[in-house]
Amino acid sequence: MDKTYNHKNSENEIYAYWESLDLFSPEKSYKAREKAELENKNDTFSVLMPPPNANAPLHCGHATYAIQDIMARIKRMQGFKTLYLPGTDHAGFETQVVYERKLKEQGKSRFDFDRDTLYEKVLNFVKENSQMATDQLKKLGMSADWERLTFMLDDHVIDTVYNTFEKMHEDGLVYRDTYMVNYSTFHGTTFSNLETTHKESVSPLYYVKYALKDSEEIITVATVRPETIYADVAIAVNPDDSRYGKMVGKVAINPLNGKELEIIEDSYVDPEFGTGALKITPGHDFNDYEIGQKHNLPIITVIDLEGKMTKDAVDVSGMYPKPARKKVAEILEDKGALVKVDEKYKHSLLADYKDKREIEPLPLPNWFIKMEGLAEEAKKVIKKEEVKFNRPLWKKEILRWLNEIYDWPISRQIVFGIKIPVWYDIEKNPDLHVTFIDQKGVSHDGKIENLLKNHDLADIKEGLQKLIAPIGAEYEVSRNPPGEKYIQETDTFDTWFSSGQWPLTTLKYPNNKDFKEFFPTDFMDSMWDILFFWIARMIMFSLYLTDQIPFKNVYIHGAITDEKGKKMSKSKGNVINPMEFIEEYGADALRMGLVVGGNTAAKQTALSEDKVRGYRNFANKIWNMARFMELMKEDFGEKVPLYNPENYKLALQKEDKDLLKELEKTVTKVNEELEKYRFADAGNEVYHFMWHTLADEYIETVKDRKDKKVALSVLDHAYKTCLKLLHPFMPFATEKIWQEITEDEVPLMISQWPKV
RNA sequence: GGGUUUGUAGCUCAGCCGGUUAGAGCGCUGCAUUCACAUUGCAGAGGUCCCCUGUUCGAGUCAGGGCAAACCCACCA
């Protein structure tokens with residue numbers, strides 16, 4: 001054996017060794033131990049890998065996948081037929097954003113391509129880079145069955161997603177509605193509430209005068225968005241506000257376009273804010289939209305999907321809202337309608353979570369799923385703890401969200417995703433608004449009825465970019481065109497609509513053998529940030545489709561931060577690349593640093609280089625313990641027999657008995673801690689026993705022992721037991737050492753897990 | 001505005017059902033080391049367990065109040 005442990009060579013070599021023996025396959029690893037006395041012979045254990053983005057390198061958070069791998073390795077060693085099923089995600093929106101940045105570098109944008117071409121381009125980009133994520137997961141030591149790797153856009157996944165949509169449609173859970181959505185004119189798509197955030201900002205607050213019809217009176221409102229005054233439909237005051245009581249029911253005149261606006265009462269209005277009078281613009285504000293619905297007010301929009309002012313905003317038509325705002329303020333000033341401007345007004349602006357770009361609330365046709373019934377079922381299994389969380393906190397959180405749930409907008413106006421399987425008959429829907437590029441690359445836009453006067457339907461379909469069907473449009477749910485004169489919906493599913501079905505798609509619900517054998521799965525690990533996005537939806541989809549829970553235990557881990565507990569971010573320059581740590585200290589050390597050096601169940605876990613270095617030293621320590629043991633055995637001359645409690649009872653010295661007792665305690669403790677998913681405590685037990693009891697104390701006594709045969713066989717036994725306990729945490733080093741010190745035994749990975 | 005979590009050694013954190021003298025890793029100090037490992041060993045320093053009040057024979061742990069930090073949800077034009 002070398003003087004020090006070399007993780008660089010060993011890790012690659014050992015992973016290849018496992019692969020060559022097919023040990024990641026539940027069937028093969030199970031077979032390899034067929035003759036052994038397996039304890040849980042007839043039981044299976046399954047854990048699904050949360051799919052990382054197929055085309056991005058792994059970040060530190062992915063190193064927490066070690067938790068899943070630890071569970072899989074323990075169960076495998078305990079004799080369970082164990083499936084750790086890996087996969088990758090197309091990450092629709094994320095990927096398209098990345099690809100659009102790439103296009104921008106080439107001086108192009110998504111508008112230069114028709115839908116199908118753009119989709120192909122993005123897909124190829126993903127395929128070119130998709131090895132990256134899986135290669136890196138292998139470097140981390142994941143004992144996943146790569147033969148079963150599922151990609152979110154695999155045919156069978158799309159097939160399941162379509163089946164689900166069809167079933168939901170038949171069950172009346174799918175509807176289209178004009179709905180106030182979070183629309184990003186920058187990204188050209190809708191976001192769900194979960195995907196938006198608020199950012200602090202300072203904007204001018206304009207106080208604008210509205211004259212009352214046939215009267216000298218005026219009413220002043222405060223607004224940060226004067227450019228939407230064109231879309232005002234009413235003015236609201238609080239019913240208890242005595243200042244305005246006598247104005248209610250009267251009519252104000254829109255200072256920009258002269259339209260009449262009724263003054264209405266609504267308790268939503270805060271008399272304390274601004275002037276206590278609120279302009280109602282249902283087309284551009286969520287609260288106004290609700291008030292508008294309540295009072296049956298019309299909806300007017302003056303901003304289009306490209307984010308420009310429409311021709312209804314006469315003076316500023318074609319401008320973007322920000323410059324339009326300034327221009328409108330000038331116009332109001334000229335008209336004497338601008339009372340004052342509070343330049344330092346602080347408020348929060350709605351933005352997308354990804355780029356923090358402003359969100360434009362717009363009433364748009366969208367596809368929705370009714371959530372109430374689905375949420376009810378999910379709540380039941382969570383309350384009964386059929387799905388059990390590792391901390392009570394997460395149970396509480398997920399129930400809170402399920403209690404406040406609202407319908408889920410599942411359509412996204414992006415190209416890279418699974419197309420919604422819906423078709424529109426062009427003859428029945430002459431109002432379809434279509435955008436397409438003709439063969440010369442010229443973009444056309446308009447109602448299908450008009451476009452067909454100058455273009456062939458085939459050309460329109462070929463160059464199709466975007467389609468917006470009016471709310472009442474007739475449609476057919478189908479995977480294939482129902483006839484010649486049909487155009488497919490261009491919206492795609494929200495990423496979470498497909499990943500929410502991950503347990504079903506990966507196991508090939510409903511008829512595949514895997515589904516029958518491994519569903520419901522046993523263990524699901526995820527971070528709290530996608531508790532609602534993903535965990536909750538998987539539970540709902542699974543119950544809806546199979547009446548079964550998708551997984552029995554959910555382990556929610558925390559965010560990985562830098563050594564000071566600060567969030568890693570590129571701008572702070574404190575991002576740790578897991579691959580660099582693996583290169584420098586080894587995957588084993590990284591896994592230990594994360595899972596044993598901190599508490600992964602906390603809301604956040606700090607990872608530091610010092611910690612990882614410490615565990616690299618530990619790997620070297622156990623390597624040298626083995627090396628020393630081998631040297632002592634060599635010195636001793638004859639073959640040291642395997643430890644057997646029956647044969648040795650009488651020959652044992654006090655220190656042997658003490659050690660064996662300690663070993664027993666350690667095994668018990670480790671099993672207890674793991675039972676409770678206390679990985680750090682379990683790992684620490686082994687760490688401490690090996691380094692301080694076995695190495696610092698016992699080995700020192702062995703050096704002077706006269707009955708070396710007894711001592712060495714006790715040492716051999718204790719050490720090997722520890723290697724097994726440590727294997728799930730440090731799979732590479734332990735397996736490598738196992739190869740060095742054993743001869744005829746099965747690989748450590750499928751050896752029998754120690755118990756008392 | 002509603003909610004959650006956290007506060008213990010220089011740093012990151014354990015301390016689980018209330019029970020001797022409060023622990024670990026890293027860091028720090030001193031010494032040792034041609035003997036498996038300097039990626040080592042031995043020894044050591046370092047704590048108002050955030051503050052106050054209470055319950056208790058006994059509180060880092062339980063209850064009430066405060067202070068501080070982080071996060072989640074909602075969001076006033």
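Below, chain A is the first sequence line, B the second, and so on; all start at residue 1. Below, each value reflects all heavy atoms present in this structure, side chains not excepted, and no hydrogens, waters or symmetry copies.
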Item to check | Rounded P spacing from B:U6 to B:G10 in Å | outcome: 22 Å
Next on the checklist: With hydrogens left out and only the distance checked, is there a donor-acceptor pair under 3.5 Å joining A:H198's side chain and the base of B:C75?
Outcome noted: yes
Item to check | Length of the CH2-C1' vector between A:W623 and B:C37, whole Å | outcome: 12 Å
Checklist outcome for this item: Contacts of A:G614 and A:G274 projected onto RNA chain B by closest heavy atom; the upstream (5') one is A:G614
Item to check | Selected nucleotide, minimal atom distance to A:V224 side chain, candidates B:C75, B:A77, B:C37 | outcome: B:A77
Checklist entry - Considering every strand shown, what is the Watson-Crick or G-U wobble mate of B:A68 when both distances are under 3.5 Å? => result B:U6
Item to check | Given RNA chain B, 5'-ward residue of the pair A:E272 and A:A626, judged by closest heavy atom | outcome: A:A626
Checklist outcome for this item: note: A:N599, atom CG; B:G7, atom P; distance rounded to Å ~ 11 Å
Checklist entry - When the ring planes of A:Y353 and A:F533 are compared, do they come out parallel, tilted or perpendicular, using 30° and 60° as the limits? => result tilted
Next on the checklist: Using a heavy-atom cut-off of 4.0 Å across all strands, would you classify A:D288 as base, sugar-phosphate, or nothing?
Outcome noted: nothing
Next on the checklist: Just to be sure I understand the rule, does A:T223 reach a base, reach only the sugar-phosphate, or reach nothing, if contact means heavy atoms closer than 4.0 Å?
Outcome noted: sugar-phosphate
Item to check | Check: A:K703 side chain, B:C35 base, donor-acceptor under 3.5 Å | outcome: no
Checklist entry - Using atom P of each nucleotide, how far apart are B:U56 and B:C17 to the nearest Å? => result 22 Å
Next on the checklist: Between A:N254 and A:N257, do the side chains contain a donor N or O and an acceptor N or O under 3.5 Å apart?
Outcome noted: yes
Checklist entry - Has A:K259 got more than 12 heavy atoms of other residues, nucleotides or ligands less than 6.0 Å from its NZ? => result no
Next on the checklist: Can you identify which nucleotide, out of B:C42, B:U6, B:U40, has its nearest atom closest to the A:D696 side chain?
Outcome noted: B:C42
Checklist entry - Distance between the C1' atoms of B:C62 and B:G1, in whole angstroms? => result 31 Å
Checklist entry - Rounded to whole angstroms, how far apart are CG on A:L399 and P on B:G2? => result 22 Å
Checklist entry - Between B:A24 and A:H688, is there an OP1 or OP2 to side-chain N/O distance shorter than 4.0 Å? => result no
Checklist entry - With a 4.0 Å cut-off on heavy atoms, is A:D610 in touch with a base, just the backbone sugar-phosphate, or nothing at all? => result sugar-phosphate
Checklist entry - Rounded to the nearest Å, what distance is computed from the NZ atom of residue A:K669 to the P atom of nucleotide B:C16? => result 11 Å
Item to check | Sole candidate of A:L674, A:N684, A:L594, A:V596 that passes side-chain contact (heavy atoms from CB on, under 4.5 Å) when paired with A:F679 | outcome: A:L674
Checklist entry - Paired with B:C28 by Watson-Crick or G-U wobble geometry, both distances under 3.5 Å: which nucleotide is it? => result B:G44
Checklist entry - A:A222 near the nucleic acid: base, sugar-phosphate alone, or nothing, with a heavy-atom cut-off under 4.0 Å? => result base
Item to check | Within 6.0 Å of CD in A:E372, more than 12 heavy atoms from elsewhere | outcome: no
Checklist entry - For B:C67, does the glycosidic angle fall within 90° of 0 (syn) or outside that (anti)? => result anti
Checklist entry - Across the strands shown, which category fits A:K603 at heavy-atom distances under 4.0 angstrom: base, sugar-phosphate, nothing? => result base
Next on the checklist: Counting only heavy atoms from other residues, nucleotides and ligands, does the tally under 6.0 Å from NZ of A:K567 exceed 12?
Outcome noted: no
Item to check | Nucleotide of B:U12, B:A14, B:C76 approaching A:D681 most closely (side-chain heavy atoms) | outcome: B:A14
Item to check | Pairwise C1' distance, B:U40 and B:A36 [rounded to whole Å] | outcome: 10 Å
Checklist entry - Rounded to whole angstroms, how far apart are CE on A:M690 and C1' on B:C37? => result 13 Å
Next on the checklist: Base of B:C37, side chain of A:K3 - is there a donor-acceptor contact under 3.5 Å?
Outcome noted: no
Checklist entry - Which part of the nucleic acid does A:R225 contact within heavy-atom distance under 4.0 Å: base, sugar-phosphate only, or nothing? => result nothing
Checklist entry - Can you tell me if NZ on A:K340 sees more than 12 non-hydrogen neighbours from other groups inside 6.0 Å? => result no
Item to check | Neighbour count above 12 (heavy atom, 6.0 Å) for A:K356 NZ | outcome: yes
Checklist entry - Are OP1 or OP2 of B:G41 and a side-chain N or O of A:W691 less than 4.0 angstrom apart? => result yes
Next on the checklist: Rounded to whole Å, please give me the gap between CD in A:E195 and P in B:A74.
Outcome noted: 12 Å
Checklist entry - For atom C1', what is the distance between B:G7 and B:C52, given to the nearest Å? => result 16 Å
Checklist entry - Which whole number of Å gives the distance between the C1' atom of B:C16 and that of B:G23? => result 14 Å
Next on the checklist: Base, sugar-phosphate or nothing for A:L393? Non-hydrogen atoms, less than 4.0 Å.
Outcome noted: sugar-phosphate
Checklist entry - How close or far is atom P of B:U39 from atom CZ of A:F581, stated in whole angstroms? => result 18 Å
Checklist entry - So what does A:M625 touch, heavy atoms closer than 4.0 Å: a base, only the sugar-phosphate, or nothing? => result base
Item to check | C1'-based separation of B:C26 from B:A9 [nearest Å] | outcome: 12 Å
Item to check | Residue A:E700, side-chain atoms from C-beta onward, closest of B:A36, B:C72, B:A77 | outcome: B:A36
Next on the checklist: Take a 6.0 Å sphere around CD of A:E385 and say whether it holds more than 12 heavy atoms from other residues, nucleotides or ligands.
Outcome noted: yes
Next on the checklist: Is the phosphate of B:G15 approached by A:R678 (side-chain N or O, under 4.0 Å from OP1 or OP2)?
Outcome noted: yes
Checklist entry - Which nucleotide sits closest to the side chain of A:F532: B:C73, B:G41, B:C76? => result B:C73
Checklist entry - Crowded around A:E675 CD? As in, over 12 foreign heavy atoms under 6.0 Å? => result no
Next on the checklist: Looking at A:Y585, I'd like to know whether one of its side-chain N or O atoms comes within less than 4.0 Å of OP1 or OP2 on B:U39.
Outcome noted: no
Next on the checklist: Within the 4.0 Å heavy-atom criterion, would you say A:E609 contacts the bases, only the backbone, or no part of the nucleic acid?
Outcome noted: nothing
Checklist entry - What is the nucleic acid contact for A:F286, judged by heavy atoms within less than 4.0 Å: base, sugar-phosphate only, or nothing? => result nothing
Item to check | Phosphate OP1/OP2 of B:G25: any A:H692 side-chain N/O under 4.0 Å | outcome: yes
Checklist entry - Does OP1 or OP2 of B:A70 have a side-chain N or O of A:K567 closer than 4.0 Å? => result no
Next on the checklist: Rounding to an integer number of angstrom, what distance separates B:C71 and B:C13 when you compare their P atoms?
Outcome noted: 14 Å
Checklist entry - When all nucleic acid strands are considered with a 4.0 Å heavy-atom cut-off, which category describes A:V269: base, sugar-phosphate, or nothing? => result base
Item to check | Interatomic distance, A:R627 CZ vs B:C37 P [rounded to whole Å] | outcome: 6 Å
Checklist entry - Which base, if any, makes a Watson-Crick or G-U wobble pair with B:G18, both distances under 3.5 Å? => result none
Next on the checklist: With a cut-off of less than 4.0 Å, is there a side-chain N or O of A:Y406 near OP1 or OP2 of B:A74?
Outcome noted: yes
Checklist outcome for this item: The nucleotide from B:C73, B:C11, B:U39 with an atom nearest the side chain of A:K564 is B:C11
